[in-house]
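Below is one structure, written out as structure tokens; comments come after it.
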Amino acid sequence: MSGAGGSLDTTLGFDEALERAVAAAEPARSWLVPLLAAEGPEAERLRRAADELRTRTMGDEVHLRALIELSNYCRRNCMYCGLRLDHTGVRRYRLTPGEVLALAHQAEDLGYRTVVLQSGEDLYYETEVMAGMLRSIKAETDLAITLSLGERSDVTYAAWREAGADRYLLRIETTDPALFAAMHPDGDLERRMRCLGQLKALGYQLGTGVLVGLPGQTVVSTADDVIWMHELGAEMIGVGPFITHPDTPLAGANGGTLDQALNLLATLRLVFPHAHLPATTALGALDPQGGEKGLEAGANVLMPNLTPETQREAYLLYPGKPIVDVTSATCRDRITERVRAMGRTVATDHGHVRR
Ligand code: 5AD
Ligand code: SF4
């Protein structure tokens with residue numbers, strides 16, 4: 001590591017930027033920007049550095065989080081998303097608490113240690129309905145529970161934590177105020193930040209994340225996202241490329257690229273040596289090898305789909321979502337096989353955040 005030198009506002013060359021990252025310097029635009037913008041052999045070096053660090057800090061185990069998409073109803077109108085309220089072409093569904101409980105048992109039978117309960121922002125699952133579901137899962141299984149149900153009140157978050165939820169995922173999507181406002185006509189960046197602060201205060205293992213390649217988004221803006229997530233103390237971070245959905249207002253826009261997403265993922269591993277970082281489904285939507293590429297660029301988590309096959313195609317945030325037509329058991333087998341083929345192993349513990 002070279003000496004101090006270099007003001008925070010000066011963008012460094014790639015080599016020096018990578019040195020800073022590997023030396024666990026405080027995240028700053030000066031070195032985040034050159035990493036996020038890396039191309040060709042430099043991008044390869046960035047991913048290799050992230051892969052090496054992941055081996056040292058997290059080992060070769062890959063944690064599988066079984067995803068149950070509870071409901072595709074949503075009260076919001078995020079400009080990029082296929083489930084937005086105004087997209088009337090979607091067949092909407094909700095799983096009943098009984099169906100969710102049965103799926104949790106199936107998850108355990110398939111060997112998963114975590115279920116992720118995800119939905120659009122659907123107030124149908126009132127605080128107590130959801131809390132009852134959580135208590136049943138906790139009483140009848142030994143699963144860790146991650147919630148990904150959007151913005152709710154402090155009281156609701158507290159009740160769900162009390163009922164047994166271990167983790168919460170709420171992506172900030174972007175910390176750029178103008179871009180956030182443009183992407184979320186009914187959103188409020190401050191409110192979302194407050195939700196994340198509240199979840200942290202309640203003791204949830206805290207997950208967030210961003211989209212990369214949104215229209216008008218720059219590497220400087222993404223660098224600021226990384227800095228913000230670091231200040232927040234994020235413990236799980238999911239990032240994916242924005243994928244254009246034809247039935248949204250962004251239909252004509254260019255999407256993000258796999259390279260942008262992998263640069264961000266690798267940079268995040270260097271900034272967050274111990275975080276749980278999934279190779280997200282969106283990577284797999286852009287490239288059949290997207291999952292592998294993510295796991296080789298710093299990721300240590302995969303999220304196989306456990307939603308009933310009859311509903312899976314209706315939960316279409318973006319087109320090209322992989323494995324929508326195989327059974328949950330096949331999905332588990334394939335994913336395990338792919339992990340082994342990479343010389344990695346599937347973790348058998350809960351994969352909680354280590355503090
Ligand atoms: N492309 C990629 N990711 C998307 N999401 C929603 N719409 C899209 C899209 N078109 C992501 C958001 C959300 C997560 C559940 O899915 O980041 O937080
Ligand atoms: Fe709803 Fe989430 Fe899609 Fe936004 S990203 S429209 S909150 S499902």
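Quick caveat: nothing in here was measured; it's all calculated off a predicted structure. Order of listing sets the numbers, starting from 1, for every ligand and every atom in it. Along the sequence shown, residues carry numbers from 1. Values below: all heavy atoms of this structure, side chains included; hydrogens, waters and symmetry mates excluded.
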If you leave out waters, which protein N, O or S atoms are less than 2.8 Å from atom 1 (Fe) of ligand 2?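 Near atom 1 (Fe) of ligand 2, the protein supplies C74 SG.
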Does atom 2 (Fe) of ligand 2 have a protein non-hydrogen atom under 4.0 Å from it? no
Candidates R84, R152, R75 - the one meeting salt bridge (charged side-chain N to carboxylate O under 4.0 Å, His left out) with E121: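 Considering R84, R152, R75, a salt bridge (charged side-chain N to carboxylate O under 4.0 Å, His left out) with E121 is found only for R75.
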Looking at L306, T327, L110, which hits side chain to side chain contact (heavy atoms under 4.5 Å, CB included) with R332?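 Single pass found, and it is L110.
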Sole candidate of R344, E292, R334, E61 that passes side chain to side chain contact (heavy atoms under 4.5 Å, CB included) when paired with V339: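 Passing option: R344.
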Rounded distance (nearest 0.5 Å) linking atom OG1 of T336 with atom CZ of R338: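 The distance works out to 11.0 Å.
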Give every pair formed by an N or O atom of ligand 1 and a protein N or O atom closer than 3.5 Å, one pair per line with both atom names and the distance to 0.1 Å, or write none.
| unit_1 | atom_1 | unit_2 | atom_2 | d |
| --- | --- | --- | --- | --- |
| ligand 1 | 1 (N) | I243 | N | 2.9 |
| ligand 1 | 10 (N) | Y80 | O | 2.8 |
| ligand 1 | 10 (N) | I243 | O | 2.8 |
| ligand 1 | 17 (O) | R171 | NH1 | 2.8 |
| ligand 1 | 17 (O) | E173 | OE1 | 2.6 |
| ligand 1 | 17 (O) | E173 | OE2 | 3.3 |
| ligand 1 | 18 (O) | E173 | OE2 | 2.5 |

Y80 versus H184, side-chain donor and acceptor atoms under 3.5 Å: yes
Please give me the minimum heavy-atom distance between L316 and K321, naming the atom from each residue. CD1-CB, 3.9 Å
Once side chain to side chain donor-acceptor pair (under 3.5 Å) is applied, what residue pairs with a partner in residues 270-287 remain, sequence neighbours excluded? H276-N300, D287-K293
Side-chain donor/acceptor pairs under 3.5 Å, residues 245-253, sequence neighbours excluded:
| unit_1 | atom_1 | unit_2 | atom_2 | d |
| --- | --- | --- | --- | --- |
| H245 | ND1 | D247 | N | 3.0 |
| T248 | OG1 | H245 | O | 2.8 |
| T248 | OG1 | L250 | N | 3.4 |

Output, in order, the C-alpha distance, side-chain angles, deciding distance and verdict of side chain to side chain contact (heavy atoms under 4.5 Å, CB included) for V129 and E126. CA-CA 5 Å; V129 174; E126 290 168 357; 4.3 Å; yes
Step-by-step ring pair (Phe, Tyr, Trp, His ring centres under 6.0 Å) determination, Y157 to Y168: CA-CA 9 Å; Y157 285 154; Y168 206 102; 5.0 Å; yes
